[in-house]
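Notes to accompany the following structure.
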Amino acid sequence: MKTEQLNLIETATLPKTKRTKKPQPVLTTAQQLGSIVKSARDIMRKDKGLSGDLDRLPMLTWIMFLKFLDDMENLRETEAVLQGEAFKPAIEAPYRWRDWAAKAEGITGDELIAFVNNDEAMRPDGTRGAGLFAYLKSLQGIATGGDRRDVIATVFKGITNRMINGYLLRDVINKINGIHFTSSEEIHTLGHLYESMLKEMRDAAGDSGEFYTPRAVVRLMVELINPRLGETVLDPACGTGGFLVEAFAHLEKQCQTVEDRHTLQERSIYGGEAKPLPFLLAQMNLLLHGLEAPQIHANNSLDVKITEIGDRDRYDIVITAPLFGGEEERGIISNFPQDKQTADTNLLFLQLVMRRLKRQPKPGRAAIIVGNGMLFGDGVCARIKEELLGDFNLHTIVRLPNGVFAPYSTIPTNLLFFDRSGPTNEIWYYEQPMPAGRKNYTKTAPIQLEEFAACLAWWNHREENEQAWRVNFRQMYDDAIAQATPHWEAAEQAAQQAKQLEKEEKERTEQINELQKPGSLLTAAMDTAAELERLKMQRSAVQARLRQQRDIAKEEKAKGDAIYWPIYNLDRKNPNAKQDFEHLPPERLVEDILQKEQRIAELMQEIKSVLQHKESL
């Protein structure tokens with residue numbers, strides 16, 4: 001008993017051991033950055049000036065943009081000092097990130113909002129001067145082209161600060177200050193994170209889905225067009241920079257030397273974007289993916305007379321997805337040849353792409369997304385296609401499944417691939433099938449790159465199959481010309497005869513008018529009434545022949561055109577595909593149903609005969 005009591009006392013008097021805490025898991029770079037960005041976005045949700053992701057992402061972008069610039073400036077300044085060179089920053093004090101944003105206890109509240117928004121404000125160094133945005137918008141580059149000051153000024157001319165709570169803005173800035181843009185790992189990770197935010201922005205944009213082309217389609221087009229290091233790549237309607245980012249990544253894999261890196265950074269990637277918001281997003285997207293000085297022009301790429309585009313303005317590769325259903329104003333339309341003028345943005349960009357392709361020393365190549373309307377369109381559209389197939393080699397059309405851009409656009413879409421190697425002889429079609437069991441794509445279940453595996457494998461080893469077929473355009477063209485030419489020649493002959501008859505009609509009219517003048521010498525010398533009657537009868541006969549020749553010219557031209565222009569209908573159906581019953585034309589459906597009913601009636605008659613025969617036994 002005593003032993004048990006002693007044991008209890010010893011146990012009671014032993015010091016209590018502290019419970020050790022479980023070690024906190026080390027966050028990966030992706031988790032850390034994801035946490036920072038999520039926290040910043042959560043803070044923004046509290047601000048009454050921001051109404052959704054369409055407001056929050058641009059806000060986050062310009063803050064990240066300034067932090068990125070300052071980190072890069074710090075790096076360049078250090079490099080310049082080590083090399084004994086003078087350094088001139090793109091942004092001067094006290095407007096650098098380190099001057100007003102880097103300190104967690106820096107300016108905040110109304111003072112911060114005033115500094116960012118106002119034309120004139122109290123600056124972080126205690127002096128009065130231009131506000132932050134006013135200063136950034138006023139920057140002017142020293143070098144011709146590619147100067148960061150010009151890029152900064154262009155970016156901020158289209159941006160406004162929508163946050164109204166300066167304390168929340170300070171909290172967001174403090175979060176972003178935790179991102180280190182000098183770390184290649186962080187930049188790489190943030191690039192992927194930024195892409196996911198752009199996708200969210202697309203989802204929030206509703207019918208303004210121009211912000212985002214499905215990533216799988218972008219990758220497919222870049223993979224198929226296959227840019228090579230040393231080639232120049234242009235997207236004249238670059239949006240948020242998806243094609244250019246993918247092209248940059250494709251070229252980056254080919255870099256092996258320092259000179260290769262210089263080529264990639266300075267002489268490879270070019271773009272144009274007219275809208276301020278996508279322009280900002282494209283700049284940030286490219287910066288985060290490693291392009292140090294994006295050469296994106298903040299203007300409408302269509303705002304140039306395309307007949308004045310020279311060899312120096314051309315590129316090896318043009319890859320783009322112009323806005324579907326867009327319309328341009330009169331000033332833009334007038335930049336195009338009169339017989340090819342249209343308000344359709346898609347058709348104008350197609351013409352621009354054609355003119356932007358290099359001719360020498362190596363023919364340029366292009367990839368462009370177009371709606372189905374372009375394939376079967378007539379009139380101006382057909383004349384544009386006539387130039388496309390006559391002067392360019394339209395070698396491939398990839399037909400995408402319905403709904404690839406849904407729900408932002410329900411327009412069926414196609415990928416055109418062409419180059420400047422000569423006129424089109426044959427066109428390959430590849431019809432991308434919808435995966436088995438799928439009826440449509442959605443924003444949560446978009447098309448995936450893996451679905452294009454068969455297309456990618458087919459591209460360099462072409463043969464006809466259920467998805468692929470070819471059209472001999474040259475044969476179609478030659479046959480159409482041979483059949484249409486007699487009609488066109490007959491139309492031309494009739495038109496020439498009509499011109500001669502117009503002269504005769506004019507002569508008779510002049511004679512009649514002269515005869516009808518009071519005091520005319522002709523009137524005094526002859527029987528006026530009889531002569532007038534004779535001339536009028538002659539004129540009527542001429543007019544009848546004139547109308548006849550005009551009608552012949554019109555009819556013969558129409559006959560020739562009816563033979564010729566249909567060859568430019570590129571909306572060709574897949575002859576190798578198994579035709580689905582539900583997609584048959586109405587007349588085929590009716591015929592199929594009648595045949596089935598007839599067969600059922602025959603079978604019923606046979607069954608009836610068998611039964612009657614059994615009864616008679």
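Positions are given from 1 along the sequence. Only a predicted model underlies this, so the values are computations on that prediction, with no experimental measurement involved.
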| task | Decide yes or no on side chain to side chain contact (heavy atoms under 4.5 Å, CB included) for Gln467 and Gln432, but give the supporting numbers first. | result | CA-CA 7 Å; Gln467 269 68 57; Gln432 177 65 26; over 6 Å; no

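- Checking Asp71 against Thr182 by side-chain atom types alone, no donor-acceptor pair falls below 3.5 Å.
- Rounding to the nearest 0.5 angstrom, the gap separating the CD1 atom in Ile317 from the OH atom in Tyr270 is 13.0 Å.
- Aromatic pair Tyr430/Trp458: centroids less than 6.0 angstrom apart.
- Ring-plane geometry between Phe156 and Phe133 is classed as perpendicular, the angle between the planes exceeding 60 degrees on a 0 to 90 degree scale with a lower cut at 30.
- Residue Arg162 qualifies as open at atom CZ: its count of foreign heavy atoms under 6.0 Å is 12 or below.
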| message | Pair Leu352, Ile309 - check side chain to side chain contact (heavy atoms under 4.5 Å, CB included), show working. | response | CA-CA 9 Å; Leu352 179 72; Ile309 294 174; 3.9 Å; yes

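- The environment of Glu85 atom CD is dense: over 12 non-hydrogen atoms of other residues, nucleotides or ligands sit within 6.0 angstrom.
- Across all non-hydrogen atoms, the minimal contact from Ile369 to Asn346 is O-ND2, 3.7 Å.
- Both tests pass for Arg462 against the ring of Trp459: distance under 6.0 Å to the centre and angle within 45° of the axis.
- Within a 6.0 Å radius of NZ in Lys67, more than 12 heavy atoms belonging to other residues, nucleotides or ligands are found.
- Residues Leu66 and Ile91 form a side-chain contact, since some pair of their non-hydrogen atoms from C-beta on lies under 4.5 Å apart.
- Remark: Phe87 CZ to Arg76 CZ distance equals 7.5 Å, nearest 0.5 Å.
- Comment: Asp316 engages Lys358 in a salt bridge, judged by a side-chain N to carboxylate O separation of less than 4.0 angstrom.
- Taking the charged nitrogens against the carboxylate oxygens, Lys253 and Glu223 have no contact shorter than 4.0 Å, which rules out a salt bridge.
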